[in-house]
Amino acid sequence: GDYTEIQDALADAVSGDTVKVMDNATYTSTLEDPIIMKTGVDLVTDIGANPKIIAATDVAAVAFSGPVDDSKLDGFFLDGTNGCGPTGIVNVDGSTGGCTNITISDCELQGFYSPGSPGIGPGIRLTGSVSVTITGNTIYDNVYAGIGCNRSQGETFEGSITLAGN
């Protein structure tokens, strides 16, 4: 079907579906929720499309909140210039059930950087048990890090991270 909001399309998608964004529109995560990825559902852009997802202040633009498996984010401009907060622009949080076989590819992630500002968060934040491939991305203007691995005191980072061509 045709949707005007990415989250509505993801909500209706089932494992094995691909949500393809066909335009150059701008989408904004809300203060309450980023765009939430689902198990087995890929979120991709159409050839020639250049959609933008803007992170609300203190919220990621896109979140993989475990358990989420076999999911891909591909081809988006992800804008964290509102100050996306410690969750990063893309948050892969496997602390509540794991995130496996996650791919983040061919995205542009612009963070929030202001000289003298406190640490705002990474471009991509990985937490808990994750298995993720990060390839072909451009990540810039993040105060904390381009890619950050976060863990609580006593928590062990588990999983694998594959980085290529970023």
Side-chain angles (χ1 to χ4, degrees), residues 3 5-21 27-45 53-80 82-107 109-112 118-137 139 142-164 166:
Y3 295 85
E5 295 295 327
I6 293 172
Q7 192 61 60
D8 293 341
L10 286 169
D12 287 347
V14 297
S15 184
D17 284 350
T18 297
V19 173
K20 186 181 285 187
V21 178
Y27 304 89
T28 303
S29 64
T30 68
L31 189 56
E32 295 80 26
D33 291 307
I35 292 173
I36 305 292
M37 298 296 290
K38 289 174 67 173
T39 291
V41 177
D42 294 339
L43 178 59
V44 303
T45 58
I53 301 174
I54 299 175
T57 303
D58 292 329
V59 178
V62 177
F64 297 83
S65 297
V68 176
D69 303 309
D70 305 314
S71 186
K72 175 171 66 174
L73 176 67
D74 181 79
F76 287 85
F77 177 77
L78 303 164
D79 184 343
N82 285 335
C84 57
T87 60
I89 301 169
V90 175
N91 186 23
V92 182
D93 187 352
S95 63
T96 58
C99 290
T100 60
N101 197 27
I102 303 298
T103 300
I104 303 166
S105 58
D106 299 319
C107 291
L109 293 86
Q110 180 181 5
F112 171 80
I120 299 298
I124 299 173
R125 179 179 184 231
L126 309 172
T127 303
S129 180
V130 300
S131 175
V132 62
T133 299
I134 301 169
T135 183
N137 299 285
I139 306 169
N142 293 280
V143 173
Y144 174 67
I147 300 169
C149 296
N150 184 51
R151 61 180 181 85
S152 300
Q153 185 174 1
E155 180 183 28
T156 302
F157 181 82
E158 298 176 13
S160 64
I161 303 169
T162 302
L163 300 173
N166 295 293

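The analysis underlying the following values was restricted to heavy atoms, covering all of them including side chains, and did not include hydrogens, waters or symmetry mates.
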Asks: Between N137 (side chain) and I104 (backbone), is there a donor-acceptor pair under 3.5 Å?
Replies: yes
Asks: Are the side chains of F76 and I35 in contact, using a 4.5 Å heavy-atom criterion?
Replies: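 They are not in side-chain contact.
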Asks: About how many Å separate CG of L73 and CD1 of I53, when rounded to the nearest 0.5 Å?
Replies: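 It comes to 6.5 Å.
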Asks: Any salt bridge (Lys or Arg N to Asp or Glu O under 4.0 Å) involving residues 62-74? Give me the pairs, sequence neighbours left out, ordered by first then second residue.
Replies: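 Listed once each, the pairs would be none.
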Asks: Donor-acceptor check, side chain of S71 to backbone of T39, threshold 3.5 angstrom: yes or no?
Replies: no
Asks: Please set out all donor-acceptor pairs under 3.5 angstrom arising from side-chain atoms of residues 8-16, sequence neighbours excluded.
Replies:
residue : atom : partner : partner atom : Å
D12     : OD2  : Y3      : OH           : 2.7

Asks: Is the backbone of G66 close enough, under 3.5 Å, to the side chain of T96 for a donor and an acceptor to pair up by distance?
Replies: yes
Asks: What distance do I102 atom CD1 and I134 atom CD1 have between them, rounded to the nearest 0.5 Å?
Replies: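 Between I102 CD1 and I134 CD1, I get 10.5 Å after rounding to 0.5 Å.
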Asks: What's the separation between atom CE in M37 and atom CG in D42, rounded to the nearest 0.5 Å?
Replies: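 So the gap between those two atoms works out to 7.0 Å.
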Asks: Kindly give the heavy-atom pair with the smallest separation between C99 and S65, and that separation in Å.
Replies: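 Minimum heavy-atom separation between C99 and S65: SG-C, 4.4 Å.
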Asks: A side-chain contact here means heavy atoms from C-beta on lying under 4.5 Å apart; do V132 and F64 qualify?
Replies: no
Asks: Please identify each residue that fulfils side chain to side chain donor-acceptor pair (under 3.5 Å) with N91, with sequence neighbours left out.
Replies: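 For N91, no residue satisfies side chain to side chain donor-acceptor pair (under 3.5 Å) once neighbours in sequence are set aside.
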Asks: Check whether any side-chain heavy atom of V62 lies under 4.5 Å from a side-chain heavy atom of P34, and answer yes or no.
Replies: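 Not in contact.
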Asks: I'd like to check I124 versus L109 (side-chain heavy atoms, cut-off strictly below 4.5 Å). Are they in contact?
Replies: yes
